[in-house]
**Student:** 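One structure is given below, represented as structure tokens, and several questions about it will come after.
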Amino acid sequence: MNRRAFIPALITSLAIAGCARPTPDQQFINDAVDALGGRTRIEAVKTLTIEGEGTNYNLGQDMKPDAATQQFALTGYKRQIDVVNTRQRVEQTRTPKFAYFQGPQPQAQILGLDDQVAFNVNAAGAATRLGPAAELDRRHDLYHHPLKLVRATMDPKATVGNVRQIGTVRQADITTASGAKLTMSIDAAGVPLSISSKSYHANLGDVVIMTTFGDYKEVSGLKLPAQLTGKVDDFTTWEIHAATQTVDAEVGDLAAPASLRAGTPEGLSPPAPAAPNVTAEPIGKGVWLLAGQSHHSVLVEFSDHLMLIEAPQSEARTLAVFAKARELVPGKALQQLVTTHHHFDHTAGLRAAIAEGMTVVTQSGNGAWVEAMARRAHTLQPDALARKEQRLVVETVDAEREYKDHTMAVMLYHVAGNPHSDTMLMAYLPRDRVLVEVDAFSPGSAVNPYAANLLENIQKRKLRVDRVVPLHGAIAPMAELEKATRGTP
Ligand SMILES: [Zn+2]
């Protein structure tokens, strides 16, 4: 072959490469880069400080399962993003705009991320490291800002792919050099509309956490969103409106406190959750308080089966509670789970109970929600119900419902009008004059904003209560509830 014969061909192919259209992945990022202010400007940015006000909503803790009525006002909001390194710090003051269990006073919060270490600092200055799941969410949260994520794609180790067109919106999947996986949507002009990441939620299972962006402003040669809204699936969890955005302000030290890195190799392991500890305290014949940690259950023995009141905190705790029940009463099946209210911390074991074949007993306002929780996908971390199909049986309680045989009677009552939850039950065991409740009254708590309503509900039904068995805290005489209500304005 003649070498010369190749020369025209080589020139032609170079010319084609020079004019070649960028791939859809390159075009996606190029458009986003241009919309935010261009590569040179973005590469020069070191920090971004966002200051403003907003709102936090109360996912999983509101009055009804589908409500979004309870809000915390966010003031003094300040988010400092290290645009180059993996560091972020959010300072905010959260003030409940509803009857909150800790009282109405504002709570100052600091939410930090330093490389692998996510941490919170409370008002007293004490720092705690988050558990593994919350830590992963916070590492994703760092990239839920268009400037941070677009800057991260400029790292040669980052990847952009799977660009798809949905109407006028283009979407792409991005993996940062640190391994965070995100999806970004941009409009026809390349302006980022949203950034999302997948997460596993102990109650909800597989969820999409999404931040949407609006009200873009010119800031020091960049275009940045002043309106940011966070969602977990369809539920809005927070909104922030930035009054000021400052590029390259002095952010101080964003490092995690040294105390959080001590004791672990380079601080790389988040703390493991405490192992379940289930104690059994007899309340009467065939009735036990299963306590030992922060969230408790009551076990009730009928002639041929067992009823469990509450499957709280986590699947691990609930399975340990089942084991304790079998140890206390061998040979009788756990047949009913009474769930006091829908709040996530009191229903994290709901699906484990369904997998166990238990009938779920709940206030009528929670019926559809229990069915929805049973149907949800838990593929990212398959739980007991994801591993074992079970038919769901739900029994609902309107105002009251009796469960009775010749050895035991349990009355379930709607705690009507309680400002903690609209769909809450309390259980009354007439033989032992015991009332089982949670959150309406927590003995020993500094404030008990819902206790007066609980007392009203007891008095309205003329229940003769000697002892209150709370599922937070220790068993208290009825006089203690009466005393707590006198302290409530
Ligand atoms: Zn609650």
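Atoms within each ligand, like the ligands themselves, are counted from 1 in listed order.
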**Student:** Is a side-chain donor or acceptor of Thr407 paired with a backbone partner of Ser303 at a separation under 3.5 angstrom?
**Tutor:**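 Pair found, side chain donor or acceptor close to backbone of Ser303.
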**Student:** Pick from Thr423, Thr396, Asp422, Thr339: which one makes a side chain to side chain donor-acceptor pair (under 3.5 Å) with Asn366?
**Tutor:** Thr423
**Student:** Which atom, among the N/O/S set of His343, is closest to the Zn ion (ligand 1)?
**Tutor:** ND1
**Student:** Give a yes/no answer: is there an N/O/S atom of His341 under 2.8 Å from the Zn ion (ligand 1)?
**Tutor:**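 Yes, His341 qualifies, because one of its backbone or side-chain N, O or S atoms lies under 2.8 Å.
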**Student:** If you take the centroid of each ring, where Trp contributes its six-membered ring, are His346 and His341 closer together than 6.0 Å?
**Tutor:**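 Between His341 and His346, the centre distance is under 6.0 Å.
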**Student:** What is the name of the N/O/S atom in Asp439 that sits closest to the Zn ion (ligand 1)?
**Tutor:**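 In Asp439, the N, O or S atom with the shortest distance to the Zn ion (ligand 1) is OD2.
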**Student:** Using a 3.5 Å distance criterion without hydrogens, assess whether the side chain of Asn457 forms a donor-acceptor pair with backbone atoms of Ala416.
**Tutor:**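 Here the side-chain-to-backbone pair exists.
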